[in-house]
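Taking it in order: structure first as structure tokens, then the write-up.
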Protein chains: 2
Amino acid sequence: MKVGLDKKAIIEAAASMADEKGVANVTLKVLATELGIKSPSLYKHFSGGLDELNKELMLYGWRSLESEITRAAIGKAKDDAIIEICYAYRSFVSEHKGLFEAMQWYNMYQSEEHLQATHGTVSVMFQVLEAYGLTEEQKVHSVRVLRGFLQGFCAIESHGGYGNPAPLNDTFDFALKTILNGIRDLQGGTEQ
Amino acid sequence: MKVGLDKKAIIEAAASMADEKGVANVTLKVLATELGIKSPSLYKHFSGGLDELNKELMLYGWRSLESEITRAAIGKAKDDAIIEICYAYRSFVSEHKGLFEAMQWYNMYQSEEHLQATHGTVSVMFQVLEAYGLTEEQKVHSVRVLRGFLQGFCAIESHGGYGNPAPLNDTFDFALKTILNGIRDLQGGTEQ
DNA sequence: TTGATAGGCTAATTATATTAGCCATTATAG
DNA sequence: CTATAATGGCTAATATAATTAGCCTATCAA
């Protein structure tokens with residue numbers, strides 16, 4: 001019988017399955033079963049098989065994240081905007097652990113597709129930084145630091161890698177304040 | 001014929017294979033071939049199979065990193081020590097991309113083993129922070145920020161995720177300065 | 001020197017990915 | 001309205017990797 005699936009529905013099912021069980025446990029077999037079809041049928045939607053599905057998950061994740069942080073920044077500027085973006089990033093990861101794995105690890109050593117995928121998210125951060133009167137290079141450094149911290153912190157947090165009971169919210173706020181200070185310092189000084 | 005392998009040799013071979021081809025491409029089959037044996041023989045060393053091998057890789061990686069950053073901090077204190085540790089962390093990742101993958105992603109959702117594995121590395125950072133006269137909680141926050149940034153930055157850098165041509169060294173130095181400022185600010189203020 | 005253990009092997013099993021080729025339903029051009 | 005193409009499903013067959021079972025020999029210690 002014809003279920004009538006399309007790529008979008010399959011990717012969303014795969015994403016939520018990844019969030020539940022980890023992206024490594026999203027097999028074509030179990031995904032197909034979940035969707036009420038047999039695994040070979042998935043090749044009608046993803047001729048590239050599991051690899052293509054993982055790539056689509058990665059792309060879908062970055063698109064979703066971009067959309068979340070874009071929404072979060074609406075009506076905000078400067079520090080407020082950055083803070084909202086960072087909160088939105090962190091929330092996104094906490095709600096989409098499995099998808100976040102896919103975002104980071106698909107195609108790790110072929111950066112082209114990754115660069116394209118992350119472009120939107122990077123652009124949003126870059127735009128918000130326009131308000132600070134920084135040089136292009138200073139903006140690049142600032143975005144890199146934000147991305148690096150967010151990715152690492154959220155990855156560690158999402159798999160329970162911060163064992164100490166001290167509140168993670170406090171750490172996150174401290175980090176944001178620290179990074180915002182660093183960005184502010186760029187404005188005056190000759191540094192970097 | 002008896003090749004006479006032991007766990008250590010196998011793990012080291014697996015680690016260097018991971019660095020060359022990515023940890024996902026370390027299969028028992030190809031690892032065994034590389035070592036001059038057949039894949040079922042690996043079960044004599046790792047009864048848990050591929051999963052256990054990956055776990056051992058993860059543990060080996062964290063042990064190695066701990067040893068690197070410990071060596072790097074010798075004879076240094078405060079900011080100098082932290083800077084050396086961060087440089088050593090970054091160098092380690094750039095030389096062990098595949099191992100670093102294993103360190104992050106093995107057993108992602110069962111934090112216990114991860115917590116133990118990272119304990120040494122965390123301890124080194126924690127000890128260096130003793131010199132700053134911070135509260136326990138402030139030290140915890142500081143270590144978390146360092147870990148988060150280092151893991152994220154190095155992961156992104158290691159797979160070419162920072163596309164802009166601006167020098168990554170400059171970003172890294174800017175980030176360290178920023179974080180060190182943040183830690184210094186903790187000493188005086190009432191913040192966090 | 002003999003017996004246990006370590007460390008290899010082959011053969012067989014299981015699981016998933018993938019390919020090939022068939023078929024029904026849907027949608028659309030005429 | 002109907003012929004036909006495209007869509008989306010299926011079964012059967014193949015390939016590869018992991019894993020298990022059971023066998024065999026070299027080494028090493030009692």
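Excluded from the calculations below are hydrogen atoms, water molecules and symmetry mates; all remaining heavy atoms, backbone and side chain alike, are included. Chain naming here is simple, since letters A, B, ... match the order of the sequence lines and numbering starts at 1 in each.
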Of the candidate nucleotides D/dG9, D/dT19, C/dT18, which contains the atom at the shortest distance from the side chain of B/Pro40?
D/dT19
Integer-rounded Å distance: D/dA17 C1' and B/Asn54 CG
14 Å
Donor-acceptor pairs are to be reported for all side-chain atoms of residues 76-95 of chain A against protein atoms at under 3.5 Å, with residues two or more places apart or in another chain.
| from | atom 1 | to | atom 2 | distance (Å) |
| --- | --- | --- | --- | --- |
| A/Asp79 | OD1 | A/Tyr132 | OH | 2.4 |
| A/Tyr87 | OH | A/Asp173 | OD1 | 2.7 |
| A/Arg90 | NE | A/Glu157 | OE1 | 2.9 |
| A/Arg90 | NE | A/Glu157 | OE2 | 3.4 |
| A/Arg90 | NH1 | A/Asn169 | OD1 | 2.8 |
| A/Arg90 | NH2 | A/Glu157 | OE2 | 2.8 |
| A/Arg90 | NH2 | A/Asn169 | OD1 | 3.1 |
| A/Ser91 | OG | A/Tyr87 | O | 3.0 |
| A/Ser94 | OG | A/Ser91 | O | 3.1 |

Between B/Glu12 and B/Lys8, is there a salt bridge with N-O shorter than 4.0 Å?
yes
Gap separating the CG atom of A/Leu28 from the NZ atom of A/Lys38, nearest 0.5 angstrom:
14.5 Å
Specify the closest pair of heavy atoms between A/Leu65 and A/Met103, including all atoms of both residues, with the distance to one decimal.
CD2-CE, 3.8 Å
Write out all pairs satisfying side-chain hydrogen bond (donor to acceptor under 3.5 Å, both in side chains) with one or both partners inside residues 22-36 of chain B, taking only residues at least two apart or from two chains.
none
Residues in contact with DNA chain C, drawn from residues 43-52 of chain A - heavy-atom cutoff 4.0 Å:
A/Tyr43, A/Lys44, A/Gly49, A/Leu50
Please tabulate, for the side chains in residues 51-58 of chain A, all donor-acceptor contacts under 3.5 angstrom to protein atoms that are two or more places apart in sequence or on a different chain.
| from | atom 1 | to | atom 2 | distance (Å) |
| --- | --- | --- | --- | --- |
| A/Asp51 | OD2 | A/Tyr106 | OH | 3.1 |
| A/Glu52 | OE1 | A/Ser47 | N | 3.3 |
| A/Glu52 | OE1 | A/Gly48 | N | 2.6 |
| A/Asn54 | ND2 | A/Leu50 | O | 3.3 |
| A/Lys55 | NZ | A/Glu113 | OE2 | 3.1 |

CD1 on A/Ile156 to CD on B/Gln151, rounded to 0.5 Å:
4.0 Å
Identify, with sequence neighbours excluded, every residue that meets ring pair (Phe, Tyr, Trp, His ring centres under 6.0 Å) alongside B/Tyr162.
B/Phe153
Rounding to an integer number of Å, can you tell me how far B/Leu28 CG sits from D/dT20 P?
11 Å
Would you write out the dot-bracket form of DNA chain C, 5' to 3', with Watson-Crick and G-U pairs under 3.5 Å, [ ] for crossing pairs, | for pairs to other strands and . for unpaired bases?
||||||||||||||||||||||||||||||
